[in-house]
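A, B, ... follow the sequence lines: proteins, then strands. Residue 1 opens every chain.
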Number of protein chains: 2
Amino acid sequence: MRRGLEFKKKARIIVVDDNYEHLSGIKELIEIESDFDVVATATSASVAISLIKKYRPEIVLMDINMPEKDGLTAIAEIEKLDLGVRTIALTGYDDPDLIFRAMKIGAKGYILKTMASAQLIYAIDEVANGKIYLPATLSSRFFEYFQKSFKEEAQTVSDEDNLLNYLTQREEEVLDLLTQGITYKGVAQKLFISETTVKTHVNNIFQKLQVNDRTQAVLYALNNGFLNRRKVKIAI
Amino acid sequence: MRRGLEFKKKARIIVVDDNYEHLSGIKELIEIESDFDVVATATSASVAISLIKKYRPEIVLMDINMPEKDGLTAIAEIEKLDLGVRTIALTGYDDPDLIFRAMKIGAKGYILKTMASAQLIYAIDEVANGKIYLPATLSSRFFEYFQKSFKEEAQTVSDEDNLLNYLTQREEEVLDLLTQGITYKGVAQKLFISETTVKTHVNNIFQKLQVNDRTQAVLYALNNGFLNRRKVKIAI
DNA sequence: CGATTTCTAAACCATATGGTCTAGATTACG
DNA sequence: CGTAATCTAGACCATATGGTTTAGAAATCG
(Lines give C-alpha, C1' and ligand atoms only; values in the text may rest on other atoms or scores of the structure.)
Protein backbone atom coordinates (compact mmCIF):
# COMPACT_ATOMS: atom_id res chain seq x y z
CA MET A 1 0.00 0.00 0.00
CA ARG A 2 2.98 2.32 0.10
CA ARG A 3 2.51 5.19 -2.27
CA GLY A 4 5.75 6.03 -3.97
CA LEU A 5 7.47 9.25 -3.08
CA GLU A 6 4.81 10.73 -0.84
CA PHE A 7 6.13 12.54 2.19
CA LYS A 8 3.17 11.56 4.27
CA LYS A 9 4.34 10.02 7.49
CA LYS A 10 2.97 6.62 8.42
CA ALA A 11 0.58 7.19 11.27
CA ARG A 12 1.76 5.54 14.47
CA ILE A 13 -0.87 3.71 16.46
CA ILE A 14 -1.37 2.27 19.92
CA VAL A 15 -4.11 -0.31 20.32
CA VAL A 16 -5.83 -0.88 23.68
CA ASP A 17 -8.10 -3.84 24.41
CA ASP A 18 -8.37 -5.94 27.52
CA ASN A 19 -9.06 -9.01 25.40
CA TYR A 20 -5.74 -10.26 24.15
CA GLU A 21 -7.26 -12.18 21.22
CA HIS A 22 -8.93 -9.06 19.92
CA LEU A 23 -5.85 -7.03 20.53
CA SER A 24 -3.56 -9.15 18.38
CA GLY A 25 -6.31 -9.56 15.79
CA ILE A 26 -6.63 -5.81 15.37
CA LYS A 27 -2.89 -5.33 15.39
CA GLU A 28 -2.39 -7.88 12.62
CA LEU A 29 -5.29 -6.49 10.64
CA ILE A 30 -3.83 -3.02 10.70
CA GLU A 31 -0.34 -4.15 9.81
CA ILE A 32 -1.49 -6.30 6.92
CA GLU A 33 -4.25 -4.22 5.47
CA SER A 34 -2.85 -0.77 5.93
CA ASP A 35 0.11 1.46 5.93
CA PHE A 36 -0.07 2.30 9.63
CA ASP A 37 2.41 1.38 12.26
CA VAL A 38 1.27 -0.26 15.49
CA VAL A 39 4.00 0.91 17.84
CA ALA A 40 2.54 -0.61 21.00
CA THR A 41 -0.43 -2.42 22.49
CA ALA A 42 -1.93 -2.50 25.98
CA THR A 43 -4.53 -4.57 27.76
CA SER A 44 -5.38 -1.97 30.38
CA ALA A 45 -6.13 1.73 30.34
CA SER A 46 -3.48 2.69 32.88
CA VAL A 47 -0.71 0.91 30.99
CA ALA A 48 -1.99 2.50 27.81
CA ILE A 49 -1.59 5.96 29.24
CA SER A 50 2.06 5.49 30.17
CA LEU A 51 2.71 4.02 26.74
CA ILE A 52 1.08 7.03 25.14
CA LYS A 53 3.28 9.37 27.11
CA LYS A 54 6.30 7.39 25.99
CA TYR A 55 5.54 6.82 22.31
CA ARG A 56 3.44 9.87 21.47
CA PRO A 57 1.44 8.08 18.76
CA GLU A 58 -0.85 9.94 16.35
CA ILE A 59 -3.71 7.53 16.91
CA VAL A 60 -5.03 5.46 19.82
CA LEU A 61 -7.58 2.72 19.25
CA MET A 62 -9.34 2.35 22.58
CA ASP A 63 -11.70 -0.44 23.55
CA ILE A 64 -14.37 1.15 25.69
CA ASN A 65 -15.72 -1.94 27.38
CA MET A 66 -13.01 -2.72 29.83
CA PRO A 67 -13.36 -3.64 33.48
CA GLU A 68 -11.25 -1.83 36.04
CA LYS A 69 -10.66 1.62 34.65
CA ASP A 70 -13.09 2.08 31.82
CA GLY A 71 -12.19 3.31 28.39
CA LEU A 72 -14.19 6.52 28.54
CA THR A 73 -12.30 7.89 31.52
CA ALA A 74 -9.12 6.79 29.82
CA ILE A 75 -10.04 8.82 26.74
CA ALA A 76 -10.84 11.80 28.92
CA GLU A 77 -7.44 11.53 30.58
CA ILE A 78 -5.67 11.26 27.27
CA GLU A 79 -7.45 14.37 26.05
CA LYS A 80 -6.44 16.14 29.20
CA LEU A 81 -2.79 15.37 28.53
CA ASP A 82 -3.22 17.45 25.40
CA LEU A 83 -0.53 15.67 23.42
CA GLY A 84 -2.38 15.92 20.14
CA VAL A 85 -3.14 12.21 20.30
CA ARG A 86 -6.35 11.38 18.44
CA THR A 87 -8.41 8.62 19.98
CA ILE A 88 -10.87 6.30 18.29
CA ALA A 89 -13.37 4.48 20.48
CA LEU A 90 -13.89 0.83 19.73
CA THR A 91 -16.78 -1.16 21.14
CA GLY A 92 -19.39 -3.79 20.51
CA TYR A 93 -22.33 -1.62 21.46
CA ASP A 94 -24.02 1.13 19.49
CA ASP A 95 -25.66 2.54 22.59
CA PRO A 96 -26.38 6.19 21.75
CA ASP A 97 -25.53 7.33 25.24
CA LEU A 98 -22.14 5.69 24.94
CA ILE A 99 -21.54 7.31 21.58
CA PHE A 100 -22.59 10.66 22.91
CA ARG A 101 -20.32 10.46 25.91
CA ALA A 102 -17.37 9.31 23.86
CA MET A 103 -17.72 12.16 21.39
CA LYS A 104 -18.33 14.60 24.19
CA ILE A 105 -15.06 13.89 25.94
CA GLY A 106 -13.12 14.15 22.71
CA ALA A 107 -13.01 10.84 20.83
CA LYS A 108 -12.25 11.56 17.20
CA GLY A 109 -14.02 8.45 15.97
CA TYR A 110 -16.27 5.65 17.10
CA ILE A 111 -16.33 2.23 15.48
CA LEU A 112 -18.19 -0.97 16.15
CA LYS A 113 -16.21 -4.19 16.40
CA THR A 114 -18.73 -5.81 14.11
CA MET A 115 -17.88 -3.49 11.29
CA ALA A 116 -15.86 -4.62 8.31
CA SER A 117 -12.11 -4.34 8.55
CA ALA A 118 -12.04 -2.00 5.58
CA GLN A 119 -14.16 0.42 7.53
CA LEU A 120 -11.77 0.35 10.44
CA ILE A 121 -8.85 1.19 8.16
CA TYR A 122 -10.88 3.92 6.52
CA ALA A 123 -11.78 5.40 9.87
CA ILE A 124 -8.17 5.43 11.03
CA ASP A 125 -7.20 7.09 7.79
CA GLU A 126 -9.80 9.80 8.16
CA VAL A 127 -8.92 10.48 11.77
CA ALA A 128 -5.19 10.48 10.98
CA ASN A 129 -5.94 13.17 8.43
CA GLY A 130 -7.44 15.38 11.08
CA LYS A 131 -11.06 14.55 10.47
CA ILE A 132 -13.65 13.18 12.82
CA TYR A 133 -15.21 9.93 11.73
CA LEU A 134 -18.57 8.47 12.67
CA PRO A 135 -20.21 5.83 10.45
CA ALA A 136 -23.56 7.01 9.08
CA THR A 137 -25.65 4.72 11.28
CA LEU A 138 -23.88 5.80 14.46
CA SER A 139 -24.04 9.41 13.38
CA SER A 140 -27.80 9.13 13.09
CA ARG A 141 -28.05 7.57 16.50
CA PHE A 142 -25.88 10.27 17.95
CA PHE A 143 -28.00 13.05 16.54
CA GLU A 144 -31.24 11.53 17.70
CA TYR A 145 -29.88 11.33 21.20
CA PHE A 146 -28.41 14.80 20.92
CA GLN A 147 -31.70 16.31 19.85
CA LYS A 148 -33.68 14.41 22.42
CA SER A 149 -31.63 15.84 25.26
CA PHE A 150 -32.05 19.36 23.97
CA LYS A 151 -35.74 18.89 23.44
CA GLU A 152 -36.20 17.86 27.03
CA GLU A 153 -34.12 20.79 28.14
CA ALA A 154 -36.11 23.21 26.01
CA GLN A 155 -39.36 21.88 27.40
CA THR A 156 -38.39 22.37 31.02
CA VAL A 157 -36.92 25.76 30.33
CA SER A 158 -39.04 27.76 27.95
CA ASP A 159 -42.49 27.01 29.28
CA GLU A 160 -44.93 29.81 28.84
CA ASP A 161 -45.94 29.45 32.49
CA ASN A 162 -42.40 30.19 33.54
CA LEU A 163 -42.80 32.25 36.67
CA LEU A 164 -39.86 34.39 35.62
CA ASN A 165 -42.14 35.98 33.04
CA TYR A 166 -44.08 37.75 35.75
CA LEU A 167 -41.09 39.68 37.03
CA THR A 168 -40.83 43.38 36.28
CA GLN A 169 -37.71 44.76 34.72
CA ARG A 170 -36.37 46.09 37.99
CA GLU A 171 -37.05 42.79 39.69
CA GLU A 172 -35.12 41.05 36.95
CA GLU A 173 -32.19 43.35 37.55
CA VAL A 174 -32.27 42.59 41.25
CA LEU A 175 -32.54 38.86 40.66
CA ASP A 176 -29.69 39.06 38.19
CA LEU A 177 -27.46 40.51 40.88
CA LEU A 178 -28.64 37.93 43.38
CA THR A 179 -27.61 35.16 40.96
CA GLN A 180 -24.13 36.59 41.21
CA GLY A 181 -24.07 36.07 44.94
CA ILE A 182 -24.31 39.75 45.81
CA THR A 183 -25.81 40.84 49.14
CA TYR A 184 -28.73 43.21 49.50
CA LYS A 185 -26.37 45.97 50.46
CA GLY A 186 -24.34 45.33 47.34
CA VAL A 187 -27.43 45.31 45.16
CA ALA A 188 -28.53 48.61 46.66
CA GLN A 189 -25.18 50.18 45.80
CA LYS A 190 -25.12 48.80 42.28
CA LEU A 191 -28.63 49.99 41.48
CA PHE A 192 -28.33 53.27 43.41
CA ILE A 193 -31.37 52.56 45.53
CA SER A 194 -31.83 52.07 49.26
CA GLU A 195 -31.46 48.71 50.89
CA THR A 196 -35.09 48.69 51.95
CA THR A 197 -36.13 49.09 48.34
CA VAL A 198 -34.04 46.10 47.48
CA LYS A 199 -35.81 44.18 50.19
CA THR A 200 -39.15 45.18 48.76
CA HIS A 201 -38.17 43.99 45.32
CA VAL A 202 -36.78 40.79 46.74
CA ASN A 203 -39.94 40.06 48.64
CA ASN A 204 -41.98 40.60 45.49
CA ILE A 205 -39.65 38.27 43.65
CA PHE A 206 -40.14 35.61 46.31
CA GLN A 207 -43.87 35.83 46.01
CA LYS A 208 -43.84 35.68 42.23
CA LEU A 209 -41.44 32.75 42.13
CA GLN A 210 -43.17 31.09 45.06
CA VAL A 211 -40.02 30.60 47.06
CA ASN A 212 -38.95 31.46 50.59
CA ASP A 213 -35.39 32.65 50.39
CA ARG A 214 -32.58 34.03 48.29
CA THR A 215 -30.99 30.69 47.54
CA GLN A 216 -34.21 29.18 46.29
CA ALA A 217 -34.85 32.21 44.11
CA VAL A 218 -31.39 31.92 42.57
CA LEU A 219 -31.87 28.21 41.99
CA TYR A 220 -35.23 28.80 40.36
CA ALA A 221 -33.70 31.42 38.12
CA LEU A 222 -30.81 29.21 37.06
CA ASN A 223 -32.99 26.19 36.48
CA ASN A 224 -35.45 28.09 34.37
CA GLY A 225 -33.21 29.77 31.89
CA PHE A 226 -32.95 33.14 33.55
CA LEU A 227 -29.47 33.79 32.22
CA ASN A 228 -30.48 32.97 28.68
CA ARG A 229 -32.79 35.96 28.67
CA ARG A 230 -30.29 38.73 28.85
CA LYS A 231 -27.37 37.02 27.20
CA VAL A 232 -28.00 35.78 23.67
CA LYS A 233 -25.56 33.04 24.49
CA ILE A 234 -26.34 29.84 22.61
CA ALA A 235 -23.87 27.87 24.67
CA ILE A 236 -24.46 24.21 25.28
CA MET B 1 -39.24 6.77 -10.40
CA ARG B 2 -42.40 5.18 -9.08
CA ARG B 3 -41.70 1.72 -7.85
CA GLY B 4 -44.52 -0.62 -8.81
CA LEU B 5 -46.78 -1.79 -6.04
CA GLU B 6 -44.98 -0.30 -3.08
CA PHE B 7 -47.23 1.14 -0.44
CA LYS B 8 -44.76 3.85 0.45
CA LYS B 9 -46.48 7.20 0.44
CA LYS B 10 -44.91 10.01 -1.54
CA ALA B 11 -43.43 12.39 0.97
CA ARG B 12 -45.12 15.78 0.92
CA ILE B 13 -42.83 18.78 1.08
CA ILE B 14 -43.03 22.49 1.75
CA VAL B 15 -40.13 24.62 0.52
CA VAL B 16 -39.28 27.93 2.16
CA ASP B 17 -36.88 30.46 0.67
CA ASP B 18 -37.10 34.21 0.56
CA ASN B 19 -35.47 34.24 -2.86
CA TYR B 20 -38.17 33.41 -5.37
CA GLU B 21 -35.70 32.26 -8.02
CA HIS B 22 -34.21 29.71 -5.70
CA LEU B 23 -37.60 28.69 -4.50
CA SER B 24 -38.94 27.74 -7.90
CA GLY B 25 -35.62 26.21 -8.83
CA ILE B 26 -35.72 23.87 -5.87
CA LYS B 27 -39.36 23.10 -6.43
CA GLU B 28 -38.79 22.12 -10.05
CA LEU B 29 -35.73 20.14 -9.17
CA ILE B 30 -37.60 18.10 -6.64
CA GLU B 31 -40.56 17.49 -8.90
CA ILE B 32 -38.45 16.44 -11.84
CA GLU B 33 -35.74 14.45 -10.16
CA SER B 34 -37.68 12.76 -7.41
CA ASP B 35 -40.85 11.15 -6.34
CA PHE B 36 -41.70 13.77 -3.77
CA ASP B 37 -44.61 16.12 -3.82
CA VAL B 38 -44.08 19.85 -3.23
CA VAL B 39 -47.47 20.78 -1.79
CA ALA B 40 -46.64 24.41 -1.09
CA THR B 41 -43.93 27.05 -1.06
CA ALA B 42 -43.37 30.17 0.99
CA THR B 43 -41.03 33.15 0.85
CA SER B 44 -41.26 34.02 4.53
CA ALA B 45 -41.06 32.08 7.77
CA SER B 46 -44.36 33.27 9.15
CA VAL B 47 -46.28 32.30 6.03
CA ALA B 48 -44.46 28.98 6.07
CA ILE B 49 -45.71 28.20 9.55
CA SER B 50 -49.35 28.73 8.69
CA LEU B 51 -48.91 26.61 5.56
CA ILE B 52 -47.37 23.86 7.67
CA LYS B 53 -50.31 23.91 10.03
CA LYS B 54 -52.62 23.65 7.06
CA TYR B 55 -50.89 21.01 4.94
CA ARG B 56 -49.09 18.97 7.59
CA PRO B 57 -46.25 17.97 5.26
CA GLU B 58 -43.72 15.29 6.15
CA ILE B 59 -40.77 17.48 5.18
CA VAL B 60 -39.95 21.17 5.28
CA LEU B 61 -36.99 22.56 3.37
CA MET B 62 -36.10 25.76 5.17
CA ASP B 63 -33.69 28.40 3.97
CA ILE B 64 -31.91 29.67 7.05
CA ASN B 65 -30.62 32.95 5.70
CA MET B 66 -33.73 35.02 5.58
CA PRO B 67 -34.18 38.59 6.76
CA GLU B 68 -37.12 39.43 8.99
CA LYS B 69 -37.79 36.31 11.00
CA ASP B 70 -34.81 34.06 10.58
CA GLY B 71 -34.97 30.44 9.64
CA LEU B 72 -33.56 29.08 12.88
CA THR B 73 -36.31 30.52 15.04
CA ALA B 74 -38.76 29.28 12.44
CA ILE B 75 -37.40 25.75 12.81
CA ALA B 76 -37.61 26.04 16.57
CA GLU B 77 -41.24 27.09 16.31
CA ILE B 78 -42.05 24.25 13.96
CA GLU B 79 -40.48 21.79 16.39
CA LYS B 80 -42.49 23.29 19.17
CA LEU B 81 -45.72 22.64 17.27
CA ASP B 82 -44.80 18.99 17.53
CA LEU B 83 -46.63 17.96 14.36
CA GLY B 84 -44.06 15.36 13.38
CA VAL B 85 -42.84 17.62 10.61
CA ARG B 86 -39.17 16.99 9.80
CA THR B 87 -37.21 20.06 8.83
CA ILE B 88 -34.10 20.25 6.69
CA ALA B 89 -32.01 23.41 6.94
CA LEU B 90 -30.81 24.87 3.68
CA THR B 91 -28.12 27.51 3.49
CA GLY B 92 -25.10 28.80 1.67
CA TYR B 93 -22.83 28.81 4.68
CA ASP B 94 -21.10 25.92 6.38
CA ASP B 95 -20.50 27.94 9.53
CA PRO B 96 -20.14 25.35 12.31
CA ASP B 97 -22.00 27.49 14.79
CA LEU B 98 -24.94 27.67 12.42
CA ILE B 99 -24.88 23.92 11.89
CA PHE B 100 -24.68 23.33 15.60
CA ARG B 101 -27.59 25.60 16.39
CA ALA B 102 -29.72 24.12 13.63
CA MET B 103 -29.16 20.58 14.85
CA LYS B 104 -29.65 21.64 18.43
CA ILE B 105 -33.11 23.03 17.86
CA GLY B 106 -34.17 19.95 15.96
CA ALA B 107 -33.33 20.18 12.27
CA LYS B 108 -33.23 16.67 10.82
CA GLY B 109 -30.80 17.60 8.09
CA TYR B 110 -28.53 20.38 6.92
CA ILE B 111 -27.59 20.92 3.30
CA LEU B 112 -25.54 23.50 1.47
CA LYS B 113 -27.04 25.17 -1.56
CA THR B 114 -23.81 24.52 -3.40
CA MET B 115 -24.26 20.79 -3.13
CA ALA B 116 -25.26 18.68 -6.10
CA SER B 117 -28.96 18.20 -6.70
CA ALA B 118 -28.60 14.46 -6.28
CA GLN B 119 -27.39 15.05 -2.75
CA LEU B 120 -30.43 17.15 -1.97
CA ILE B 121 -32.75 14.41 -3.14
CA TYR B 122 -30.76 11.85 -1.21
CA ALA B 123 -30.97 13.93 1.94
CA ILE B 124 -34.72 14.36 1.62
CA ASP B 125 -35.08 10.65 1.10
CA GLU B 126 -33.05 9.85 4.19
CA VAL B 127 -34.92 12.32 6.35
CA ALA B 128 -38.27 11.18 5.01
CA ASN B 129 -37.30 7.70 6.13
CA GLY B 130 -36.83 8.89 9.68
CA LYS B 131 -33.09 9.33 9.62
CA ILE B 132 -31.02 12.37 10.32
CA TYR B 133 -28.80 13.47 7.49
CA LEU B 134 -25.62 15.51 7.62
CA PRO B 135 -23.11 15.36 4.77
CA ALA B 136 -19.71 14.07 5.89
CA THR B 137 -17.96 17.42 5.66
CA LEU B 138 -20.60 19.22 7.67
CA SER B 139 -20.68 16.38 10.15
CA SER B 140 -16.97 16.81 10.72
CA ARG B 141 -17.39 20.52 11.24
CA PHE B 142 -20.22 19.92 13.63
CA PHE B 143 -18.21 17.54 15.76
CA GLU B 144 -15.19 19.80 15.91
CA TYR B 145 -17.38 22.59 17.17
CA PHE B 146 -19.19 20.26 19.52
CA GLN B 147 -15.98 18.99 21.07
CA LYS B 148 -14.47 22.44 21.31
CA SER B 149 -17.36 23.70 23.38
CA PHE B 150 -17.15 20.76 25.74
CA LYS B 151 -13.41 21.08 26.02
CA GLU B 152 -13.74 24.66 27.16
CA GLU B 153 -16.41 23.65 29.58
CA ALA B 154 -14.30 20.81 30.95
CA GLN B 155 -11.36 23.12 31.47
CA THR B 156 -13.29 25.58 33.57
CA VAL B 157 -14.95 22.84 35.51
CA SER B 158 -12.60 20.04 36.35
CA ASP B 159 -9.53 21.91 37.43
CA GLU B 160 -7.44 20.08 39.94
CA ASP B 161 -7.39 23.16 42.13
CA ASN B 162 -11.14 23.00 42.37
CA LEU B 163 -11.87 24.06 45.92
CA LEU B 164 -14.64 21.50 46.08
CA ASN B 165 -11.97 18.85 46.36
CA TYR B 166 -11.09 19.99 49.85
CA LEU B 167 -14.53 19.29 51.24
CA THR B 168 -15.03 16.31 53.51
CA GLN B 169 -17.73 13.81 52.75
CA ARG B 170 -20.08 15.23 55.34
CA GLU B 171 -19.50 18.73 54.07
CA GLU B 172 -20.37 17.56 50.58
CA GLU B 173 -23.62 16.12 51.85
CA VAL B 174 -24.48 19.40 53.52
CA LEU B 175 -23.58 21.40 50.42
CA ASP B 176 -25.63 19.05 48.31
CA LEU B 177 -28.68 19.83 50.38
CA LEU B 178 -27.93 23.54 50.27
CA THR B 179 -27.87 23.37 46.46
CA GLN B 180 -31.44 22.17 46.72
CA GLY B 181 -32.48 25.30 48.54
CA ILE B 182 -32.95 23.61 51.88
CA THR B 183 -32.60 25.59 55.12
CA TYR B 184 -30.23 24.72 57.94
CA LYS B 185 -33.11 23.32 59.92
CA GLY B 186 -34.07 21.13 57.00
CA VAL B 187 -30.52 19.93 56.54
CA ALA B 188 -30.31 19.07 60.23
CA GLN B 189 -33.44 16.96 59.97
CA LYS B 190 -32.35 15.20 56.80
CA LEU B 191 -28.94 14.30 58.18
CA PHE B 192 -30.17 13.57 61.73
CA ILE B 193 -27.79 16.03 63.31
CA SER B 194 -28.34 19.21 65.30
CA GLU B 195 -28.71 22.56 63.64
CA THR B 196 -25.57 23.86 65.28
CA THR B 197 -23.61 21.03 63.72
CA VAL B 198 -24.97 22.04 60.37
CA LYS B 199 -23.80 25.55 61.03
CA THR B 200 -20.35 24.28 61.88
CA HIS B 201 -20.17 22.34 58.64
CA VAL B 202 -21.48 25.28 56.68
CA ASN B 203 -18.90 27.60 58.17
CA ASN B 204 -16.17 25.17 57.26
CA ILE B 205 -17.56 24.99 53.74
CA PHE B 206 -17.51 28.77 53.47
CA GLN B 207 -13.89 28.91 54.50
CA LYS B 208 -12.86 26.17 52.12
CA LEU B 209 -14.73 27.66 49.19
CA GLN B 210 -13.68 31.18 50.18
CA VAL B 211 -17.19 32.57 50.13
CA ASN B 212 -19.31 34.50 52.60
CA ASP B 213 -22.80 33.12 52.38
CA ARG B 214 -25.05 30.28 51.38
CA THR B 215 -25.93 31.65 47.97
CA GLN B 216 -22.32 32.12 46.98
CA ALA B 217 -21.49 28.60 48.14
CA VAL B 218 -24.32 27.18 46.05
CA LEU B 219 -23.23 29.21 43.04
CA TYR B 220 -19.65 28.05 43.43
CA ALA B 221 -20.82 24.47 43.64
CA LEU B 222 -22.99 24.72 40.55
CA ASN B 223 -20.36 26.53 38.52
CA ASN B 224 -17.68 24.05 39.37
CA GLY B 225 -19.35 20.79 38.52
CA PHE B 226 -20.47 19.81 41.99
CA LEU B 227 -23.51 17.93 40.75
CA ASN B 228 -21.45 15.89 38.30
CA ARG B 229 -19.66 14.27 41.22
CA ARG B 230 -22.44 12.33 42.78
CA LYS B 231 -24.74 11.88 39.84
CA VAL B 232 -23.21 10.17 36.85
CA LYS B 233 -25.52 12.35 34.84
CA ILE B 234 -23.95 13.26 31.53
CA ALA B 235 -26.55 15.88 30.77
CA ILE B 236 -25.57 18.53 28.31
C1' DC C 1 -58.41 62.11 33.25
C1' DG C 2 -58.77 58.18 36.47
C1' DA C 3 -56.94 53.60 37.35
C1' DT C 4 -53.16 50.48 37.43
C1' DT C 5 -48.49 49.26 37.55
C1' DT C 6 -44.00 50.11 38.82
C1' DC C 7 -40.35 51.92 41.51
C1' DT C 8 -39.17 53.93 45.48
C1' DA C 9 -38.66 53.83 50.76
C1' DA C 10 -39.69 53.65 55.54
C1' DA C 11 -41.07 51.31 60.18
C1' DC C 12 -41.28 47.24 62.83
C1' DC C 13 -40.35 42.69 64.13
C1' DA C 14 -38.99 37.74 64.04
C1' DT C 15 -35.88 34.62 62.77
C1' DA C 16 -32.28 32.74 59.92
C1' DT C 17 -27.72 33.17 58.93
C1' DG C 18 -22.82 34.00 59.72
C1' DG C 19 -18.38 34.38 62.90
C1' DT C 20 -15.75 32.64 66.54
C1' DC C 21 -14.39 29.72 70.14
C1' DT C 22 -14.36 25.57 72.74
C1' DA C 23 -14.64 20.61 73.16
C1' DG C 24 -15.80 15.60 73.33
C1' DA C 25 -16.07 11.15 70.52
C1' DT C 26 -14.52 8.53 66.79
C1' DT C 27 -11.78 7.25 63.14
C1' DA C 28 -7.68 7.16 60.28
C1' DC C 29 -2.74 7.23 59.80
C1' DG C 30 2.04 6.73 60.49
C1' DC D 1 0.41 4.58 70.57
C1' DG D 2 0.21 9.41 69.66
C1' DT D 3 -1.46 12.70 66.27
C1' DA D 4 -4.33 14.54 62.91
C1' DA D 5 -8.66 14.73 60.75
C1' DT D 6 -13.49 14.37 61.05
C1' DC D 7 -18.00 14.68 62.97
C1' DT D 8 -20.51 16.18 66.52
C1' DA D 9 -22.54 20.17 69.37
C1' DG D 10 -22.84 23.80 72.50
C1' DA D 11 -22.45 29.11 73.82
C1' DC D 12 -22.52 33.82 72.45
C1' DC D 13 -23.21 37.61 69.58
C1' DA D 14 -23.82 40.54 65.40
C1' DT D 15 -26.02 41.17 61.44
C1' DA D 16 -28.39 39.77 57.30
C1' DT D 17 -32.48 38.16 55.76
C1' DG D 18 -37.49 37.54 55.46
C1' DG D 19 -42.64 39.17 56.40
C1' DT D 20 -45.86 42.75 56.56
C1' DT D 21 -47.76 47.13 56.12
C1' DT D 22 -48.03 51.71 54.48
C1' DA D 23 -47.18 55.29 51.12
C1' DG D 24 -45.50 58.76 47.78
C1' DA D 25 -43.82 59.67 42.91
C1' DA D 26 -43.72 58.47 38.20
C1' DA D 27 -45.07 56.09 34.28
C1' DT D 28 -48.43 53.57 31.58
C1' DC D 29 -52.84 52.56 29.80
C1' DG D 30 -57.54 52.70 28.44
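Comparing C/dC7, D/dT20, C/dA9 by their nearest atom to the side chain of A/N203 picks out D/dT20. Proximity note for A/T200 (side chain, C-beta onward) versus D/dT17, D/dC7, C/dA10: the nearest is C/dA10. Set against D/dC7, D/dA9, D/dT17, the side chain of A/T183 has D/dT17 as its closest nucleotide. Distance from the side chain of A/K199 is smallest to D/dG19 among C/dA10, D/dC7, D/dG19.
Look at A/K185 and you'll find a side-chain N or O under 4.0 angstrom from OP1 or OP2 of D/dA16. Regarding contacts with the backbone of C/dT8, a side-chain N or O of A/H201 is found under 4.0 angstrom from either OP1 or OP2. For D/dA9, the OP1/OP2 oxygens have a side-chain nitrogen or oxygen of B/T197 closer than 4.0 Å. At the phosphate of D/dG10, OP1 or OP2 sits under 4.0 Å from a side-chain N or O atom of B/S194. Between B/T168 and D/dC7 there is a side-chain polar atom (N or O) within less than 4.0 angstrom of OP1 or OP2. In this model, the phosphate group of C/dT17 is approached by a side-chain N or O of B/R214 to a distance below 4.0 Å at OP1 or OP2.
Summarising the local packing, NZ of B/K190 is surrounded by 12 or fewer heavy atoms from other residues, nucleotides or ligands at distances under 6.0 Å.
Across the interface with DNA chain D, nearest-nucleotide mapping of B/N204 and A/V211 shows B/N204 to be the residue nearer the 5′ end.
Residues A/E173 and A/R170 are paired through a salt bridge, judged by an N-O separation under 4.0 Å between the basic side chain and the carboxylate. Salt-bridge check for B/K108 with B/E79: passed, with a basic side-chain N closer than 4.0 Å to an acidic carboxylate O.
For the pairing with A/V60, the side chain to side chain contact (heavy atoms under 4.5 Å, CB included) check across A/I49, A/I13, A/V16 returns one residue only, A/V16. Each of A/V202, A/T215, A/V198, A/T183 was scored for a side chain to side chain contact (heavy atoms under 4.5 Å, CB included) with A/L178, with one residue passing: A/V202.
Atoms CD (A/E195) and C1' (C/dT8) sit 15 Å apart, rounded to a whole Å. If you measure from atom CD of A/E172 to atom C1' of C/dT6, you get 14 Å, rounded to the nearest angstrom. Atom CD1 of A/I193 and atom P of D/dA26 are 17 Å apart (whole Å). If you measure from atom CG of A/N212 to atom C1' of D/dG19, you get 11 Å, rounded to the nearest angstrom. Atom CD of B/Q169 is separated from atom P of C/dT26 by 19 Å (rounded to the nearest Å). To the nearest angstrom, P of D/dA16 lies 13 Å from CD of B/Q216. Protein atom CG of B/L178 is 11 Å distant from nucleotide atom C1' of C/dT17, rounded to whole Å. Distance CD (A/E173) to P (C/dC7): 8 Å, rounded to an integer number of Å.
Across all strands shown, A/T196 has heavy atoms under 4.0 Å from base atoms, whether or not it also approaches the sugar-phosphate.
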